A.B. asks: 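Right, I'll just put the structure down here and ask away after.
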Amino acid sequence: MRSHYCGQLNETMVDQTVTLCGWVHRRRDHGGVIFLDMRDRDGIAQVVVDPDTAEAFANADRARSEYVLRISGRVRLRPEGTQNPNMPTGLIEVLAKDVEVLNTAATPPFQLDEHGKVGEEVRLKHRYIDLRRPEMIEKLRLRSRISHSVRAYLEGQGFLDIETPILTRATPEGARDYLVPSRTHAGSFFALPQSPQLFKQLLMVSGFDRYYQIAKCFRDEDLRADRQPEFTQIDLEASFVEEEDIMSITENMVRNLFKDVLDVELPAFPRMPYAEAMQRFGSDKPDLRIPLELTDVDDLMKDVDFKVFSGPANADDGRVAALKVKGGASLSRKEIDEYTKFVGIYGARGLAWIKVNERAKGLEGLQSPIVKFMEGVVEQLLDRVGAEDGDIIFFGADKATIVNEALGALRVKLGEDLDLYTAEWSPLWVVDFPMFEDDGSARLQALHHPFTAPSCDVETLKANPAEALSRAYDMVLNGTELGGGSIRIHDQAMQQSVLELLGIGQEEAREKFGFLLDALQYGAPPHGGLAFGLDRLVMLMSGARTIREVIAFPKTQSAACLMTDAPGEVSGEQLKELNIRLRQKAKAEKAEEGTAE
């Protein structure tokens with residue numbers, strides 16, 4: 001029905017006859033001449049309709065915002081003084097000969113060029129309107145280009161695109177499963193996959209050697225800006241590889257992607273052990289663009305007359321750390337109070353601080369409600385953090401986990417608020433993760449997942465599991481974890497030992513993933529892989545603030561779809577077929593029966 005997209009028109013096409021299809025972005029009537037801004041997925045073109053083309057003029061006259069039109073006409077240069085150099089098609093316009101109204105439109109719930117004044121709920125309720133915005137079209141176009149670039153690269157590296165099941169069984173992978181009741185197996189449930197983890201390992205056992213998939217994954221967990229209940233992974237796995245092989249393949253993939261799509265040459269990808277990242281930045285995904293670091297001062301605080309510091313400094317699981325902000329002494333008391341509230345979100349009970357006004361004056365040159373308690377160590381403290389006049393020093397003192405989370409988050413917030421960024425892009429590999437973590441429960445938890453290989457043998461692992469490191473690696477970009485992976489366990493005895501250390505006995509292991517344990521008996525090769533969050537990658541590359549902006553039909557933070565009203569109730573007949581009876585309805589039915597009696 002069309003010869004060109006609106007955004008394809010330019011001055012080289014003057015005097016050509018074109019046919020465009022699209023929506024009325026804007027309509028203007030200037031002295032009997034109607035101007036229509038026609039919009040499609042490629043851009044906007046100005047159409048001029050003169051009254052001497054009577055039928056076309058009549059159709060244009062009744063057209064309103066978001067009407068769907070088909071127009072034919074001649075491309076011409078815009079008159080001098082009316083050209084718009086800021087618009088890709090701003091040098092030309094189309095003089096319409098025919099205007100056909102393909103469909104009318106009700107008044108939209110919001111104007112596309114005024115979306116900023118509209119709440120996200122309204123835009124998500126009418127997502128099909130929101131997606132017409134040029135900004136949204138560009139983000140989804142970028143997403144398509146990213147997917148294409150990734151596929152081309154991996155195919156070129158010998159990876160095969162292989163689909164894995166969506167209906168599978170529940171396995172412990174760190175989050176709650178979405179369950180699907182089975183009609184044909186009463187009382188049994190499928191689970192939607194949290195990742196293709198087990199299936200891609202089975203593909204390695206099957207000898208496919210190099211697998212990839214742009215896969216849908218599902219996790220029933222609390223949401224935030226970079227989480228959705230259903231999300232998309234760039235998933236890959238390879239056989240006969242070690243850590244360096246996977247890291248090299250995927251680093252080159254990301255470099256190629258940024259060059260191909262954004263024409264950006266990424267800087268070097270440094271390596272940083274997990275322990276160092278936590279000590280220096282309080283996070284296992286540090287944003288290296290921010291030139292702020294945590295400094296341990298436990299040893300200086302062990303004997304100070306200030307229990308808020310001395311208590312954690314002498315505790316086995318405690319930490320006292322300082323965060324110096326160059327030039328931060330200019331922060332007001334109100335701003336400091338806001339930062340105190342902010343760290344409280346992460347469990348911190350307060351935020352101690354010292355302003356360095358004139359260091360040469362000793363204690364008199366410092367401003368702080370706590371400095372009187374640290375008279376004997378204050379000079380050593382200032383030396384250790386490298387404090388100068390005009391700086392402020394923030395402190396965290398508590399359990400190490402709380403200090404890391406609170407000061408790590410404060411570091412990022414200060415970087416944003418004070419615009420401390422030193423680069424546009426800062427990639428990083430975080431390596432040498434602990435094999436297990438202690439989350440306060442009665443048994444160890446896998447830091448990544450139960451199929452990650454340890455960097456030691458079975459005997460060493462069993463002798464001291466708390467100190468064991470894993471063969472895992474995470475790629476971080478600008479403080480966001482782009483992807484994580486590991487070398488997997490390919491030996492059945494090792495896998496069984498890891499499951500036992502996690503408190504998963506033989507019976508439970510057989511029940512939940514006996515098929516994997518069986519497969520490991522039949523010549524499983526050494527293998528490893530990595531999974532990237534496609535949504536997060538697109539969010540970063542497009543400059544979006546949340547992944548909801550780069551997903552065509554996202555869920556809200558309460559895991560609901562406002563457009564379709566999902567999740568929703570189902571009929572009693574459907575529930576009966578699935579052998580399900582809702583507790584609330586059952587109670588109501590029982591109450592009614594009692595009333596009738």
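Everything numeric here is computed off the predicted structure, so don't read it as measured data. The analysis underlying the following values was restricted to heavy atoms, covering all of them including side chains, and did not include hydrogens, waters or symmetry mates.
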A.B. asks: Ignoring hydrogens and geometry, is there a side-chain-to-backbone donor-acceptor pair from Ser368 to Trp353 under 3.5 Å?
C.D. replies: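 Pair found, side chain donor or acceptor close to backbone of Trp353.
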A.B. asks: For Glu121, which residues count as a side-chain hydrogen bond (donor to acceptor under 3.5 Å, both in side chains) partner, sequence neighbours excluded?
C.D. replies: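 Scan of Glu121 (side-chain hydrogen bond (donor to acceptor under 3.5 Å, both in side chains), adjacent residues dropped) gives none.
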A.B. asks: Assess whether a salt bridge exists between Arg143 and Asp535, defined as any Lys/Arg side-chain N lying under 4.0 Å from an Asp/Glu carboxylate O.
C.D. replies: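 Yes, Arg143 and Asp535 are salt-bridged.
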A.B. asks: Return yes if a side-chain donor-acceptor contact under 3.5 Å exists between Asp474 and Tyr274, otherwise no.
C.D. replies: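 Result is no, nothing qualifies.
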A.B. asks: Run the side-chain hydrogen bond (donor to acceptor under 3.5 Å, both in side chains) test against Arg271 and tell me which residues pass, sequence neighbours left out.
C.D. replies: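 In terms of side-chain hydrogen bond (donor to acceptor under 3.5 Å, both in side chains), with neighbours along the sequence ignored, Arg271 is linked to Glu244.
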A.B. asks: Check whether any side-chain N or O of Lys216 sits under 3.5 Å from a backbone N or O of Ser195 as a donor-acceptor pair, and report yes or no.
C.D. replies: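 Such a contact is absent between Lys216 side chain and Ser195 backbone.
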A.B. asks: Parallel, tilted or perpendicular, judged at 30° and 60°: which one describes the rings of Tyr128 and His126?
C.D. replies: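 The rings of Tyr128 and His126 stand perpendicular, inter-plane angle above 60°.
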A.B. asks: About how many Å separate CD of Glu549 and OG of Ser542, when rounded to the nearest 0.5 Å?
C.D. replies: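 Taking OG in Ser542 and CD in Glu549, the distance rounds to 7.0 Å.
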A.B. asks: With side chains defined as the heavy atoms from C-beta onward, is the minimum distance between Arg488 and Glu237 less than 4.5 Å?
C.D. replies: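 A side-chain contact under 4.5 Å exists here.
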A.B. asks: Report, as yes or no, whether the 6.0 Å neighbourhood of atom OH on Tyr178 holds more than 12 heavy atoms from other residues, nucleotides or ligands.
C.D. replies: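 Yes - once you tally the heavy atoms of other residues, nucleotides and ligands closer than 6.0 Å, there are more than 12.
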A.B. asks: Do Tyr339 and Leu410 make a side-chain contact, defined as non-hydrogen atoms from C-beta onward lying under 4.5 Å apart?
C.D. replies: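 Contact flag for Tyr339/Leu410 side chains = yes.
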A.B. asks: Rounded to the nearest 0.5 Å, how far does OH of Tyr211 lie from NE2 of His527?
C.D. replies: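 If I round to the nearest 0.5 Å, the distance is 12.0 Å.
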A.B. asks: Go through the steps to decide whether Arg359 and Asp383 satisfy the test salt bridge (Lys or Arg N to Asp or Glu O under 4.0 Å), and finish with yes or no.
C.D. replies: CA-CA 11 Å; Arg359 183 172 174 180; Asp383 285 340; 2.3 Å; yes
A.B. asks: Mark yes or no for whether Arg280, through its side chain, and Pro286, through its backbone, hold a donor-acceptor pair below 3.5 Å.
C.D. replies: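 No; judged by distance alone, with no hydrogens or angles, the pair does not exist.
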A.B. asks: Any side-chain to backbone donor/acceptor pair from Arg176 onto Asp220? Under 3.5 Å, distance only.
C.D. replies: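 Yes, Arg176 side chain to Asp220 backbone: donor-acceptor pair under 3.5 Å.
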A.B. asks: Whether Lys413 engages the ring of Phe342 as a cation-pi pair (distance to the six-membered ring centre under 6.0 angstrom, angle to the ring normal within 45°) should be assessed.
C.D. replies: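 Positive - Lys413 is close enough to the ring of Phe342 and near enough to its axis.
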A.B. asks: Taking C-beta and beyond as the side chain, do His4 and Met13 meet within less than 4.5 Å on heavy atoms?
C.D. replies: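 With C-beta onward as the side chain, the pair touches.
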A.B. asks: Give a yes or no on whether a salt bridge exists between Lys341 and Asp337, defined as a side-chain N under 4.0 angstrom from a carboxylate O.
C.D. replies: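 Here Lys341 does not pair with Asp337 in a salt bridge, since their nearest N and O are not under 4.0 Å apart.
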A.B. asks: For the residue pair Phe433 and His448, categorise the inter-ring angle as parallel (less than 30°), tilted (30 to 60°) or perpendicular (more than 60°).
C.D. replies: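 Answer is perpendicular, since the angle exceeds 60°.
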A.B. asks: Side chain of Ser283, backbone of Gly408: donor and acceptor closer than 3.5 Å?
C.D. replies: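 Looks like no, no N/O pair under 3.5 Å.
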A.B. asks: Ignoring hydrogens and geometry, is there a side-chain-to-backbone donor-acceptor pair from Arg26 to Ser65 under 3.5 Å?
C.D. replies: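 Looks like no, no N/O pair under 3.5 Å.
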A.B. asks: Is the closest basic N to carboxylate O distance between Asp398 and Arg319 below 4.0 Å?
C.D. replies: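 Looking at Arg319 together with Asp398, the answer is no, because their closest N to O distance does not fall below 4.0 Å.
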A.B. asks: Any carboxylate oxygen within less than 4.0 angstrom of a Lys/Arg side-chain nitrogen, looking at Glu481 and Lys285?
C.D. replies: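 Salt bridge flag = no for Lys285 with Glu481.
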A.B. asks: Nearest 0.5 Å please: distance from the CE atom of Met475 over to the CE atom of Met247.
C.D. replies: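 Answer rounded to 0.5 Å: 8.0 Å.
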A.B. asks: Take Ile336 and Ser332, measure what side-chain contact (heavy atoms from CB on, under 4.5 Å) needs, and give me the verdict at the end.
C.D. replies: CA-CA 6 Å; Ile336 294 173; Ser332 67; over 6 Å; no
A.B. asks: May I ask you to test the Ile393-Leu323 pair for a side-chain heavy-atom distance under 4.5 Å?
C.D. replies: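 Contact flag for Ile393/Leu323 side chains = no.
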A.B. asks: Compare every heavy atom of Val118 with every heavy atom of Arg123, then report the nearest pair and how far apart it is.
C.D. replies: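 Shortest heavy-atom contact: NE-O, 3.9 Å.
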A.B. asks: Measure the spacing between CG of Leu160 and CG of Asp209 and express it to the nearest 0.5 Å.
C.D. replies: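 Rounded to the nearest 0.5 Å, the CG-CG separation comes to 8.5 Å.
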A.B. asks: Just so I know, are the side chains of Leu482 and Val476 near enough to count as touching, which here means a heavy-atom distance under 4.5 Å?
C.D. replies: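 No. Closest side-chain heavy atoms not under 4.5 Å.
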A.B. asks: Under 3.5 Å, side chain of Gln8 to main-chain N/O of Tyr5, donor-acceptor pair present?
C.D. replies: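 Between the backbone of Tyr5 and the side chain of Gln8 there is a qualifying donor-acceptor contact (under 3.5 Å).
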A.B. asks: Can you see which heavy atom on Val343 is nearest to which on Gly350, and at what distance?
C.D. replies: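 Shortest heavy-atom separation between Val343 and Gly350 comes out as CG2-O, 4.0 Å.
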A.B. asks: Any heavy-atom pair between the side chains of Phe451 and Gln197 that's under 4.5 Å?
C.D. replies: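 Side-chain contact under 4.5 Å: yes.
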A.B. asks: Surrounding CD of Glu242 (heavy atoms of other residues, nucleotides or ligands, distance under 6.0 Å), is the total greater than 12?
C.D. replies: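 Check fails, neighbour count at 12 or below.
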A.B. asks: Scan Pro193, Pro196, Cys217 and name whichever one has a side chain to side chain contact (heavy atoms under 4.5 Å, CB included) with Ile166.
C.D. replies: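 Of all the options given, the one that passes is Pro193.
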A.B. asks: Side chains of Leu124 and Met563: does their closest heavy-atom pair fall under 4.5 Å?
C.D. replies: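 No; the side chains remain at least 4.5 Å from each other.
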A.B. asks: So which atom in Gln228 and which in Lys555 form the shortest heavy-atom distance, rounded to 0.1 Å?
C.D. replies: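 Gln228 and Lys555 have their closest heavy atoms at OE1-N, 2.7 Å.
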A.B. asks: Looking at Phe309 versus Phe395, is the centre-to-centre ring distance below 6.0 Å?
C.D. replies: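 For Phe309 and Phe395, the ring centres are under 6.0 Å apart.
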A.B. asks: For Thr480 and Asn478, does a side-chain donor sit closer than 3.5 Å to a side-chain acceptor?
C.D. replies: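 No, Asn478 and Thr480 have no side-chain donor paired with an acceptor closer than 3.5 Å.
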A.B. asks: List, one per line, each side-chain donor-acceptor pair under 3.5 Å for residues 421-432, sequence neighbours excluded.
C.D. replies:
from   : atom 1 : to     : atom 2 : distance (Å)
Thr422 : OG1    : Arg289 : O      : 3.0
Trp429 : NE1    : Glu251 : OE1    : 2.9

A.B. asks: Mind listing the closest non-hydrogen atom pair of Val320 and Pro312 along with its distance?
C.D. replies: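 Looking at all heavy atoms of both residues, the closest pair is CG2-CB, 4.1 Å.
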A.B. asks: Please check this pair: side chain of Thr89 against backbone of Ile44, looking for a donor-acceptor N/O pair closer than 3.5 Å.
C.D. replies: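 A pair under 3.5 Å: yes.
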A.B. asks: Can you list, pair by pair, the side-chain donor-acceptor contacts under 3.5 Å of residues 151-158, counting residues two or more places apart and other chains?
C.D. replies:
from   : atom 1 : to     : atom 2 : distance (Å)
Arg151 : NH1    : Asp161 : OD2    : 2.8
Tyr153 : OH     : Ile249 : O      : 2.9
Glu155 : OE2    : Tyr212 : OH     : 2.9

A.B. asks: Keeping Asn404 on the side-chain end and Ala400 on the backbone end, is there a donor-acceptor pair under 3.5 Å?
C.D. replies: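 Checking the backbone N and O of Ala400 against the side chain of Asn404, a donor-acceptor pair under 3.5 Å is found.
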A.B. asks: Using salt bridge (Lys or Arg N to Asp or Glu O under 4.0 Å), reason through Arg132 and Glu66 one step at a time and then give a plain yes or no.
C.D. replies: CA-CA 10 Å; Arg132 293 179 185 177; Glu66 301 308 311; 2.8 Å; yes
A.B. asks: Quick one: pull up CG in Leu537 and CG in Leu257 and give me the separation to the nearest 0.5 Å.
C.D. replies: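 Separation between the atoms: 5.5 Å.
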A.B. asks: May I ask you to say whether Arg255 pairs ionically with Asp260, meaning some side-chain N is under 4.0 Å from a carboxylate O?
C.D. replies: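 Salt bridge absent between Arg255 and Asp260.
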A.B. asks: Could you tell me whether a side-chain N or O of Asp42 sits under 3.5 Å from a main-chain N or O of Cys6, the two making a donor and an acceptor?
C.D. replies: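 Between the backbone of Cys6 and the side chain of Asp42 there is no qualifying donor-acceptor contact (under 3.5 Å).
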A.B. asks: May I have the step-by-step check of side-chain contact (heavy atoms from CB on, under 4.5 Å) for Asn357 and Leu366, ending in yes or no?
C.D. replies: CA-CA 6 Å; Asn357 296 325; Leu366 305 179; over 6 Å; no
A.B. asks: Quick check: closest heavy atoms across Asp298 and Gly318, and the distance to 0.1 Å?
C.D. replies: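 Looks like OD2-O, 3.9 Å.
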A.B. asks: Decide side-chain contact (heavy atoms from CB on, under 4.5 Å) for Asp391 and Val325; before the verdict, give the C-alpha distance in whole Å, the side-chain angles of both, and the deciding distance to 0.1 Å.
C.D. replies: CA-CA 6 Å; Asp391 296 345; Val325 183; over 6 Å; no
A.B. asks: Does Phe199 reach the side chain of Ile162, with side-chain heavy atoms less than 4.5 Å apart?
C.D. replies: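 With C-beta onward as the side chain, the pair stays apart.
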A.B. asks: Is Glu388 salt-bridged to Lys326, going by a charged N under 4.0 Å from an acidic O?
C.D. replies: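 Looking at Lys326 together with Glu388, the answer is yes, because their closest N to O distance falls below 4.0 Å.
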A.B. asks: Please identify each residue that fulfils side-chain hydrogen bond (donor to acceptor under 3.5 Å, both in side chains) with Glu120, with sequence neighbours left out.
C.D. replies: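 Listed in chain order: Arg548.
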A.B. asks: Holding to side-chain hydrogen bond (donor to acceptor under 3.5 Å, both in side chains), I want the full list of residues that pass it with Thr164, two or more places apart in sequence or in another chain.
C.D. replies: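 Thr164 satisfies side-chain hydrogen bond (donor to acceptor under 3.5 Å, both in side chains) with Gln213 only.
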